[in-house]
Amino acid sequence: QAQLVESGGGLVQPGGSLRLSCLVSGFTLDFKAIGWFRQAPGKTREGVSCISTDDGTPYYTDSVKGRFTISRDSAKNTVYLQMNNLKPEDTAVYYCAAASDFPGAESDVPDWSRLQIFEYDYWGQGTQVTVSP
């Protein structure tokens, strides 16, 4: 069965950086997109970023644009989330997830529509990111 395993979380000061990794089974065979989601205490889960496995096109929620970068290494079946200039509001458990269906880059849909949790079929266990002085 498909499996996703996150790593790279930790404690960092505001303005610092972390790189999260998601090791994905079936990355090149079954999944059309890999996404990163986060859930802060007392809040609902929200989409952060996702990447098409077909063409590598990245998508981001507005609050992380210019700070976070998603990338992939198909040979390693791994997706990364480089997080720079971290803020306290970035504190959350971060999850990676895989979607078996995903609009192509030519589809004129808003970025946020690609980051809805119900579109993703497989989920990792999560990794904690804490941004604090």
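Predicted model, so just to flag it, every value in this text is computed and none were measured.
- Salt-bridge annotation for Arg114 and Glu119: absent, with no side-chain N of the basic residue lying under 4.0 Å from a carboxylate O of the acidic one.
- Between Tyr94 and Thr127 there is a side-chain heavy-atom pair separated by less than 4.5 Å.
- Salt-bridge check for Asp62 with Lys65: passed, with a basic side-chain N closer than 4.0 Å to an acidic carboxylate O.
- At distances below 3.5 Å, not a single donor-acceptor pair connects side-chain atoms of Gln39 with backbone N or O atoms of Val93.
- Using a 4.5 Å cut-off on side-chain heavy atoms (C-beta onward), Phe31 and Val24 make contact.
- Residue Tyr122 qualifies as open at atom OH: its count of foreign heavy atoms under 6.0 Å is 12 or below.
- In terms of the disulfide (SG to SG under 2.5 Å) criterion, Cys50 has no residue partners (sequence neighbours excluded).
- With contacts defined as side-chain heavy-atom distances shorter than 4.5 Å, the pair Val79/Ile51 qualifies.
- Between Ala40 and Thr91, the shortest heavy-atom contact is CB-O, 3.5 Å.
- In terms of heavy atoms, Leu86 sits closest to Val12 at CD1-CG1, 3.5 Å.
- Figure legend: cation-pi geometry between Arg72 and Tyr80 absent, as NZ or CZ is not positioned both under 6.0 Å from the six-membered ring centre and within 45° of its axis.
- A donor-acceptor contact shorter than 3.5 Å is absent between the side chain of Thr57 and the backbone of Ala105.
- Looking only at distances, no side-chain donor or acceptor of Asn85 sits under 3.5 Å from a matching main-chain atom of Arg67.
- Under the side chain to side chain contact (heavy atoms under 4.5 Å, CB included) test applied with Cys96, the options Leu81, Leu4, Thr78, Leu20 reduce to a single match, Leu4.
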Check the pair Val5, Gln125 against side-chain contact (heavy atoms from CB on, under 4.5 Å), reporting the backbone distance first and the verdict last. CA-CA 7 Å; Val5 180; Gln125 293 295 102; over 6 Å; no
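- For the pair Asn84 and Ser17, the tightest heavy-atom approach, listed with the atom from each and the gap, is OD1-OG, 2.9 Å.
- The shortest side-chain heavy-atom distance between Gln82 and Ile70 does not fall under the 4.5 Å cut-off.
- Considering OG of Ser21 and NZ of Lys76, their distance stands at 9.0 Å, rounded to 0.5 Å.
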If you apply the rule side chain to side chain donor-acceptor pair (under 3.5 Å), what do you find for Thr130 with Gln128, and how did you get there? CA-CA 6 Å; Thr130 302; Gln128 177 71 49; 3.3 Å; yes
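- At least one donor-acceptor pair closer than 3.5 Å links the side chain of Ser52 to the backbone N or O of Asp54.
- Under the 3.5 Å distance criterion, the side-chain polar atoms of Thr61 are left unmatched by any main-chain donor or acceptor of Val48.
- You'll find the side chain of Arg38 stays beyond 4.5 Å of the side chain of Lys43, heavy atoms only.
- Atom CD of Gln13 is surrounded by 12 or fewer heavy atoms from other residues, nucleotides or ligands within 6.0 Å.
- Contact check for Pro88 versus Pro14: side-chain heavy atoms found under the 4.5 Å cut-off.
- Remark: Arg45 qualifies as a cation-pi partner of Tyr95 under the 6.0 Å distance and 45° angle criteria applied to the six-membered ring.
- We find the CG-NZ distance between Asp101 and Lys32 to be 8.5 Å, quoted to the nearest 0.5 Å.
- Ring geometry, Phe37 versus Trp123: the interplanar angle falls from 30° to 60°, so the pair is classed tilted.
- Here the shortest heavy-atom pairing between Gly8 and Leu18 reads O-CD2, 3.9 Å.
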List the steps, then state whether side-chain contact (heavy atoms from CB on, under 4.5 Å) holds for Cys22 with Trp36. CA-CA 9 Å; Cys22 178; Trp36 286 98; 3.6 Å; yes
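- Across every non-hydrogen atom of Ile34 and Tyr120, the tightest pair is C-CE2, 4.3 Å.
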